[in-house]
Amino acid sequence: MARSVLFIKHIEYETGGHAATLTSHLPTREAVFPSQLPPLDEIAGIVITGGQMSAAEEDEHPSLALTADLALRAIDADIPVLGLCLGHQIIGRALGGEHREGAVDEVGIIDIDVVAPEPWLGGHVGPVGAMRWNSDVVALPPGATLLATSATVENEAFRYGSAVGMQFHLEADDRVMRLWDSVASPTLSELRTPDAVAEWRAHLATDTTLQGIVQRGFAAFAEDCARRL
């Protein structure tokens, strides 16, 4: 079978947002709560999206352990792997980073400080406001390079070989935000306020620094995947 970019999803209504849009010119496939995953020779790249469970809940959610195993094997094979929020924690935990449940309570646009140039973050260095929705965190894995940090989370993003993990939701587009405020339980508005959600959506739609990172970053990820096709 020809290779494709694999989106691994641990929540039914996850769309992949900007990550899906900016890789849509490539062959893609989905695995939702997977009980099995394709072999490496069918994969050009992997995107592990967010979810509401903890990355440590492998007994309750066997797909988490399958995902972690595939991520490690993909890194060994130099296949691009991108982890978003839960995906960041799955990869970081699998690589030996300390995973802490319930360490923070972050919902909304958070100031992120990008401290090292990374193509999948658009080559940007400096502050940016990005969407976060998480309570668990993972420490920087041994041997990884720290890419971004914030006031509440030391490891906001890291690079390890062919993998990048991002605690924040760089993929969040307006459709993602609308689903999080309608289908998710609890919704964003229930966790905060409708006015706060409206402000976050406006930021995502108008902040030129964030939009540049999104466009350049996911384009660079797509280019790395395309080399594996």
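Contacts of H10 classified as ring-ring contact (aromatic ring centres under 6.0 Å, His included), with partners at least two apart in sequence or in another chain: none. For the salt bridge (charged side-chain N to carboxylate O under 4.0 Å, His left out) test, no residue two or more places apart in sequence or in another chain qualifies with E190. Residues that satisfy the ring-ring contact (aromatic ring centres under 6.0 Å, His included) test with W120, not counting sequence neighbours, are F221. Every residue two or more places apart in sequence or in another chain that forms a salt bridge (charged side-chain N to carboxylate O under 4.0 Å, His left out) with R159 is listed here: E118. The side-chain contact (heavy atoms from CB on, under 4.5 Å) test applied to S189 returns D181, T187, P194, V197, not counting sequence neighbours.
Heavy-atom minimum distance, A184 versus Q52: CB-NE2, 4.4 Å. When all heavy atoms of A220 and P119 are compared, the closest pair comes out as CB-O, 3.5 Å. Taking every heavy atom of both residues into account, A55 and D136 meet most closely at N-OD2, 4.4 Å. Scanning both residues, H99 and S54, for their nearest heavy atoms gives CE1-OG, 3.2 Å. Taking both residues in full, the closest heavy atoms of S150 and I112 are given as CB-CD1, 4.2 Å, listed atom of the first, atom of the second, then distance. Contact between I43 and P38 at its shortest, heavy atoms only, is CD1-O, 3.7 Å.
Counting heavy atoms from C-beta on, the side chains of V115 and L147 never come closer than 4.5 Å. Considering only heavy atoms from C-beta on, D69 stays 4.5 Å or farther from L37 through its side chain. Considering only heavy atoms from C-beta on, L72 comes within 4.5 Å of L95 through its side chain. You'll find the side chain of F218 stays beyond 4.5 Å of the side chain of T23, heavy atoms only. The side-chain heavy atoms of I48 and L82, taken from C-beta on, include no pair separated by under 4.5 Å. Using a 4.5 Å heavy-atom threshold, the side chains of H124 and R216 count as touching. Here the side chains of P27 and L229 are in contact, with some heavy-atom distance below 4.5 Å. The side-chain heavy atoms of M131 and M177, taken from C-beta on, include a pair separated by under 4.5 Å.
Each side chain to side chain donor-acceptor pair (under 3.5 Å) pair with one or both residues in residues 32-48, not counting sequence neighbours, appears once here: R29-E42. The side chain to side chain donor-acceptor pair (under 3.5 Å) contacts involving residues 77-90 comprise Q89-Q167, where partners must be two or more places apart or lie in separate chains. Sorted by first then second residue, the side chain to side chain donor-acceptor pair (under 3.5 Å) pairs that include residues 104-116, not counting sequence neighbours, are E106-T152. For residues 141-158, the set of pairs meeting the salt bridge (Lys or Arg N to Asp or Glu O under 4.0 Å) definition, not counting sequence neighbours, comprises R132-E156. Screening residues 3-15 for salt bridge (Lys or Arg N to Asp or Glu O under 4.0 Å), with sequence neighbours left out, gives K9-E30. The ring pair (Phe, Tyr, Trp, His ring centres under 6.0 Å) analysis of residues 177-196, with sequence neighbours excluded, yields the pairs W133-W180, H169-W180. Evaluation of the side chain to side chain donor-acceptor pair (under 3.5 Å) test over residues 198-210, restricted to residues two or more places apart or in two chains, returns D174-R201.
Note on I79: it clusters hydrophobically with L66, by side-chain heavy-atom contacts below 4.5 Å among ILVMFWY residues. The cluster map of Ile, Leu, Val, Met, Phe, Trp and Tyr, joined by side-chain heavy atoms under 4.5 Å apart, puts L204 and L121 in the same cluster. Both I46 and L64 are assigned to one and the same hydrophobic cluster, defined by single-linkage of ILVMFWY side chains at heavy-atom distances under 4.5 Å. L26 and V164 fall within a single hydrophobic cluster, where Ile, Leu, Val, Met, Phe, Trp and Tyr are joined by side-chain heavy atoms under 4.5 Å apart, directly or via other members. Residues L179 and F168 share a hydrophobic cluster, clusters being chains of Ile/Leu/Val/Met/Phe/Trp/Tyr side chains in contact below 4.5 Å.
For the atom pair CD of Q215 and CG of L22, the computed distance is 5.0 Å after rounding to the nearest 0.5 Å. How far OH of Y160 is from CD1 of I91: 12.5 Å, rounded to the nearest 0.5 Å. A distance of 8.0 Å separates CZ of R228 from OG of S162, quoted to the nearest 0.5 Å. Rounding to the nearest 0.5 Å gives a distance of 8.5 Å between CZ of F7 and CG of L84. Atoms CD1 and CG, on I109 and L210 in that order, are 7.0 Å from each other to the nearest 0.5 Å.
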Applying side chain to side chain contact (heavy atoms under 4.5 Å, CB included) to I8 and I90, what does each step give before you reach the verdict?
CA-CA 12 Å; I8 304 177; I90 290 172; over 6 Å; no
Could you walk me through whether L70 and L6 pass the side chain to side chain contact (heavy atoms under 4.5 Å, CB included) check?
CA-CA 11 Å; L70 181 66; L6 175 66; 3.8 Å; yes
Would you check, one step at a time, whether the test side chain to side chain contact (heavy atoms under 4.5 Å, CB included) holds for I11 with V32?
CA-CA 7 Å; I11 196 163; V32 184; over 6 Å; no
For side chain to side chain contact (heavy atoms under 4.5 Å, CB included), just list the numbers for V114 and V128, CA-CA rounded to whole Å, side-chain angles, deciding distance to a tenth of an Å, and then say yes or no.
CA-CA 8 Å; V114 183; V128 62; 4.2 Å; yes
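Each of E98, E101, E58 was checked for a salt bridge (Lys or Arg N to Asp or Glu O under 4.0 Å) with R93, and the lone residue meeting it is E58. N134 pairs in a side-chain contact (heavy atoms from CB on, under 4.5 Å) with only one of the listed residues (V104, V107, I110), which is V104.
Side chain of S24 to main chain of T21: a donor-acceptor pair is present (N/O by atom type, distance under 3.5 Å, no hydrogens or angles).
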